[in-house]
Amino acid sequence: MNLESMYQEIILDHYKNPHARGLREPYDAESFQVNPTCGDEVTLRVRLDGDTVADVSYDGQGCSISQASTSVLTDLVIGRPLPEAMEKLEAFSALMQSRGEAEPDEDVLEDGVAFAGVAKYPARVKCALLGWMAFKDAVGRTSTSEVSTP
Amino acid sequence: MNLESMYQEIILDHYKNPHARGLREPYDAESFQVNPTCGDEVTLRVRLDGDTVADVSYDGQGCSISQASTSVLTDLVIGRPLPEAMEKLEAFSALMQSRGEAEPDEDVLEDGVAFAGVAKYPARVKCALLGWMAFKDAVGRTSTSEVSTP
Amino acid sequence: MTTTESRPWDVTAVRADFPILSRTVRDGKPLVYLDSGATSQRPTPVLDAERRFVETSNSAVHRGAHQLAEEATDAYEHARATIAAFVGVSAGEVVFTKNATEGINMVAYAMSNAATAGPEAARFAVGPGDEIVVTEMEHHANLVPWQQLCQRTGATLRWFGVTEDGRLDLSNIDELITERTKVVALAHQSNVLGTVNPVETVTRRAHEQGALVVLDACQSVPHFGVDFAELGVDFAVFSGHKMLGPSGIGVLYGRRSLLEAMPPFLTGGSMIELVRMEGSTFAPPPQRFEAGVPMTSQAVGLGAAVDYLNALGMDRIAAHEHALAERALEGLRALPGVRIVGPEDTTDRGATVAFVVDDVHPHDVGQVLDSLGIAVRVGHHCAWPLHRACGIPASVRASFYLYNEHSEVDTLVAGVREAQRFFGFGGNS
Amino acid sequence: MTTTESRPWDVTAVRADFPILSRTVRDGKPLVYLDSGATSQRPTPVLDAERRFVETSNSAVHRGAHQLAEEATDAYEHARATIAAFVGVSAGEVVFTKNATEGINMVAYAMSNAATAGPEAARFAVGPGDEIVVTEMEHHANLVPWQQLCQRTGATLRWFGVTEDGRLDLSNIDELITERTKVVALAHQSNVLGTVNPVETVTRRAHEQGALVVLDACQSVPHFGVDFAELGVDFAVFSGHKMLGPSGIGVLYGRRSLLEAMPPFLTGGSMIELVRMEGSTFAPPPQRFEAGVPMTSQAVGLGAAVDYLNALGMDRIAAHEHALAERALEGLRALPGVRIVGPEDTTDRGATVAFVVDDVHPHDVGQVLDSLGIAVRVGHHCAWPLHRACGIPASVRASFYLYNEHSEVDTLVAGVREAQRFFGFGGNS
Ligand SMILES: Cc1ncc(COP(=O)(O)O)c(C=O)c1O
Ligand SMILES: Cc1ncc(COP(=O)(O)O)c(C=O)c1O
């Protein structure tokens, strides 16, 4: 096994220097997600401006994979039209479920393609998806603006 | 396997012509016992006269082994002093638990020695003991004269 | 599921896969195993699959991040998917239990737990005034848990009777299943009578009245192609050990939307979402219902059993068993003093043949058969109320499976004649 | 149980019995299996015993009257006697369950079922005002079932805390265990900290106050000689898969007089006395608590595992593990940036060593170790509240067993250093 194939430089960079980290006001919806097998958690806020993802802010604790993928998420979706953000979410999810068989599209996923190696390790897929699931959940809540705290 | 070693003539005789069968009055205590694996059941009554087993009467349904052993029981205990009857109970129980290893004492068990072959078949031991357990239970109840109907 | 094929059924080849079938019993008699209704035997491919798993990938599933844990989790979930497909449902609707009994208890306990489990679980709650409907032909496993549920909650148990010829008595279905009914629990195939029940008819009425249907498929899934989705039942259970799989594993199927609302039963590790000392929340199904380290190698073994059954083809298995049942019913009916307990022909009927012999107690019949190497079951077969309803304390049951031969039927019939001769009653007299 | 002997411990010979230990993982790395706390591996004699049973005597126990049924019942009950003797109790006090989790749930459900189970069960009943005491270091299996019992009955959950150095905090024992306490449930050995708890002290206080003691012996019975009768606990559970036995089988020990009064939990076949449609009565223990076809071959396998452990000697196994723990604690303590979660020395402590690495998340440490062939567990190990109490989200856990070698400890320590190096934080910087 090649550790570097999972922990690509891009991932380690995002882990050491996460983008857009910290919880910010104002926001339309918040989601709290937890990985029940390891206890990692993320709280993520979404602010929409019309059809645009105006901001995504987050806080939490977790492994390099979950932290880096949430950092990449913010790069990919902040400032984008919501449909495009959701498309990236779909693409990233599909990549992670592929068990390493899929060929990621760099145009869509940018730094996210670095996670292709993670998809080979099923136990880490949940880590990579933690922030993304929070984003999906938070967007779903923007209509009702509830806050989930399990 | 030799069928005749289990179904000795004595057993078949008692089965076809059971002794002392039928429920009789008066009695001091009654016991109802059931074999939960096959549904066989016996209702057995005991009448004591001082320290003597004055009568044992019974009714029930069951296989040749359970019917014959209850018939043999009545031969062995009716008219005997209670301590002697309990001794026979002990001896018969011990024989049945022996897995066919014990040498039965014909002076104590009389026709009961015919059940030595049954002891080799653990699934049938409960059959052979059904009436005896009812006798033990009924004797135990003579002090309080309760009637058990589970 | 495979469709009927014209490949001839090679029972000799099948038997070669089952090491136990070549042993002898009682001083050298070849084993004639006619007790598959109690538990089936296991073929070498199933034993090998389980052993291979233990020797190469064994580890705790859904908990570890190392390679063994990955492999074990994959094997476990692959087995789940295989088994789910076998009964026409999706993997997320299959909960592994230790046996069918646990599965039925899980649903019954969910219904009493619902009282304290929050609003989502409300549709499971039962109480005084509510009714649970079972049948008089149920195995204790599909009767006692419902009696106990009624005892815990104050609900009332009602039941279908059985007709003279061993069929479910549907004449009062409209009085039995009403808007008070919360659950209808019934066997797909009786483990005594062999009767295959009209599940669709009962399910239609139950659903009209808003009741859930729990199917005890212990005696159907091993023997013919069963599709729970097509049958439309809400829950169903079966056991691995009756279908060539290991002991210690069974399945509860639950319609996804129901499993999602159903409160947990056994609680502990691997079924949680968040745990604090003050309280916990729970994982989605099926994990919510699989507390603790599960029956890992047994799931793998059951998956291999399903592969084995699929390779032979359920239709072909059913056809083979049908022929065995035909021959057994014919042979036994021809004996004076022998009465079949259950339908006398093979319409809507499996290859489980129970009977009584006039004047010879079932235990004694069984003993004579055992002395000849024939393993049958005697007693009430965990269906005591059915026996009472039939007016008999017990019966002899021969239950056939894919590995039984026509000659074994003849051995059975000859054995019954021998029992009559030995006890000198009935039959030949 | 054997006493300490001077025979040298031949780990190479032991390892030869475990086929899985000679496999490689992750591109040819020898497997270093340090996850026995989750599940242990199984030696060939255990696999062979189970297979032999299935290939020769497999059939439904306690139900049949034929030769196979006799042999199977004997094997099953022989296993029960072997296992009972191993933990110092009598066979009638041993109930087979699918895992330890089920055993704890069985006691917890008995206590809510007691409300509707008649006068005999009264001593098990709990309700508002009653208290259940657990500890903050419990595995979810010994916590969530008690939370749920409280939810069902209105009883209150209270708990012991954990001290800085990873021991049970007994300072408030007299306030925690009072005459309101109905049950005290605690782990014999923590599955994270490795701490062996002062069971006698807790039991004494509990019994003074009339409370029952439920011992979670999952992490003790596999690793050193345990005698439940001597400990004086009322109930205890453990799992087969953590002590070289099959998955899918566990044990609930219950003091005979308690089991006799305890209401049933799972209901169905084989646990009944009389069944009528109107209601049922139940068999004496242990049968009352073993509904349905049980884990037959698994019981046989667990019996063989006990024979295997006995042949090696529990004292010798404990001594070997003690040495491994010593070496691991020493090696890890010596690494800057590594903190042990739990006692730092081996007094009253088993060979389960959890730790955290500054600035490297446990998942990442585990990944690096996995890449080196070292299988550890990462996460909260089903003891989430304990991790919260320690102020950490998760930890890395290496758990040793009889087949681990000293060199594997060194491989682990080197692996942790490699993780620090790879992530470029702490340790070497
Ligand atoms: C201390 C402790 N208790 C309970 C359990 C639960 O055991 P099982 O999952 O086998 O039921 C475990 C292991 O997972 C454990 O380590
Ligand atoms: C119809 C039926 N239902 C339920 C069961 C119970 O299955 P298990 O004992 O495997 O839980 C059986 C078999 O014993 C059965 O034949």
> Under 3.5 Å, is there a donor-acceptor pair between the C:Asp370 and D:Gln67 side chains?
Replying inline: no
> Pick from C:Gly269, C:Pro263, C:Ala69: which one has the most heavy-atom pairs with chain D under 4.5 Å?
Replying inline: C:Gly269
> Pick from C:Ala100, C:Ser239, C:Ser57, C:Ser36: which one has the most heavy-atom pairs with chain D under 4.5 Å?
Replying inline: C:Ser57
> Measuring heavy-atom distances to chain D, does C:Phe265 have an atom under 4.5 Å in its side chain, in its backbone, in both, or in neither?
Replying inline: both
> Between CZ of D:Arg276 and CD of C:Gln147, what distance do you get to the nearest 0.5 Å?
Replying inline: 11.0 Å
> So which heavy atom on D:Arg26 is nearest to which on C:Ala65, and how close?
Replying inline: NH2-O, 4.4 Å
> With a 3.5 Å cut-off and no angle check, do the side chains of D:Tyr109 and C:Asn113 form a donor-acceptor pair?
Replying inline: yes
>> Looking only at heavy atoms and a cut-off of under 4.5 Å, which of D:Met295, D:Lys242, D:His363 has the most pairs with chain C?
In response: D:Met295
> Would you say the side chain of C:Ser297 lies within less than 4.5 Å of the side chain of D:Gln298, judging by non-hydrogen atoms?
Replying inline: no
> Contact part of D:Pro294 toward chain C, heavy-atom cut-off under 4.5 Å: side chain, backbone, both or neither?
Replying inline: backbone
> When heavy-atom pairs shorter than 4.5 Å are enumerated against chain D, which of C:Ser59, C:Ala141, C:Pro385 gives the highest number?
Replying inline: C:Pro385
> Relative to chain D, which of C:Ala38, C:Pro145, C:Ala117 shows the most heavy atom pairs under 4.5 Å?
Replying inline: C:Pro145
> Side chain, backbone, both or neither: which part of D:Leu31 has an atom under 4.5 Å from a heavy atom of chain C?
Replying inline: side chain
> Are side-chain heavy atoms of C:Arg23 and D:Leu68 found at a separation under 4.5 Å?
Replying inline: yes
> For D:Ser40, is it the side chain, the backbone, both or neither that has a heavy atom under 4.5 Å from a heavy atom of chain C?
Replying inline: backbone
> Is it true that a side-chain atom of C:Asn105 and a backbone atom of D:Leu266 form a donor plus acceptor pair closer than 3.5 Å?
Replying inline: no
>> Tell me which of these, C:Asp48, C:Ile249, C:Leu143, C:Ile374, has more heavy-atom pairs under 4.5 Å with chain D than the rest.
In response: C:Asp48
> Side chain, backbone, both or neither: which part of D:Asp35 has a non-hydrogen atom closer than 4.5 Å to chain C?
Replying inline: side chain
> How long is the gap from CD on C:Glu55 to OG1 on D:Thr44, to the nearest 0.5 Å?
Replying inline: 6.0 Å
>> Need one label for C:Thr135: side chain, backbone, both or neither, based on atoms under 4.5 Å from any heavy atom in chain D.
In response: backbone
> Is a side-chain N or O of D:Gln148 found less than 3.5 angstrom from the main chain of C:Thr267, in a donor-acceptor match?
Replying inline: no
>> What part of C:Asn99 gets within 4.5 angstrom of chain D, counting heavy atoms only: side chain, backbone, both, or neither?
In response: side chain
> When heavy-atom pairs shorter than 4.5 Å are enumerated against chain C, which of D:Gly279, D:Gly366, D:Gly379 gives the highest number?
Replying inline: D:Gly279
> Under a 4.5 Å heavy-atom cut-off, does chain D meet the side chain of C:Arg152, its backbone, both or neither?
Replying inline: both
> Do C:Ile20 and D:Val54 have side-chain heavy atoms sitting under 4.5 Å apart?
Replying inline: no
>> Working note: C:Glu290 + D:Lys98, criterion salt bridge (Lys or Arg N to Asp or Glu O under 4.0 Å); need CA distance, chi angles, decisive distance, verdict.
In response: CA-CA 11 Å; C:Glu290 296 183 358; D:Lys98 71 175 176 177; over 6 Å; no
> Hey, are the side chains of C:His380 and D:Val275 touching, using non-hydrogen atoms and a 4.5 Å cut-off?
Replying inline: no
> Does C:Trp384 reach the side chain of D:Ser280, with side-chain heavy atoms less than 4.5 Å apart?
Replying inline: no
>> Between C:Val378 and D:His66, does the side-chain contact (heavy atoms from CB on, under 4.5 Å) criterion hold? Intermediate values first, please.
In response: CA-CA 9 Å; C:Val378 296; D:His66 49 74; over 6 Å; no
> For D:Val376, is it the side chain, the backbone, both, or neither that has a heavy atom closer than 4.5 Å to a heavy atom of chain C?
Replying inline: backbone
>> Please classify the contact of D:Asn191 with chain C as side chain, backbone, both or neither, using a heavy-atom distance under 4.5 Å.
In response: neither
> So what's closer than 4.5 Å to chain D heavy atoms on C:Phe282: side chain, backbone, both or neither?
Replying inline: side chain
>> Please classify the contact of D:Glu136 with chain C as side chain, backbone, both or neither, using a heavy-atom distance under 4.5 Å.
In response: both
> Taking every heavy-atom pair that is under 4.5 Å apart, which of C:Arg377, C:Gln151, C:Arg51 has the most such pairs with chain D?
Replying inline: C:Arg51
>> Is D:Leu47 close to chain C through its backbone or its side chain, or both, or neither, when contacts mean heavy atoms under 4.5 Å?
In response: both
>> Rounded to the nearest 0.5 Å, what separates atom NE2 in C:His241 from atom OG1 in D:Thr296?
In response: 7.5 Å
> To the nearest 0.5 Å, what is the distance between CZ (D:Phe53) and OG (C:Ser247)?
Replying inline: 7.0 Å
> Quick one: what part of D:Pro264 sits under 4.5 Å from any heavy atom of chain C, side chain, backbone, both or neither?
Replying inline: both
> Rounded to the nearest 0.5 Å, what separation is found between the CG atom of D:Leu157 and the CD atom of C:Glu278?
Replying inline: 9.0 Å
> Does any heavy atom of chain C fall under 4.5 Å from the side chain of D:Thr156, the backbone, both, or neither of them?
Replying inline: neither
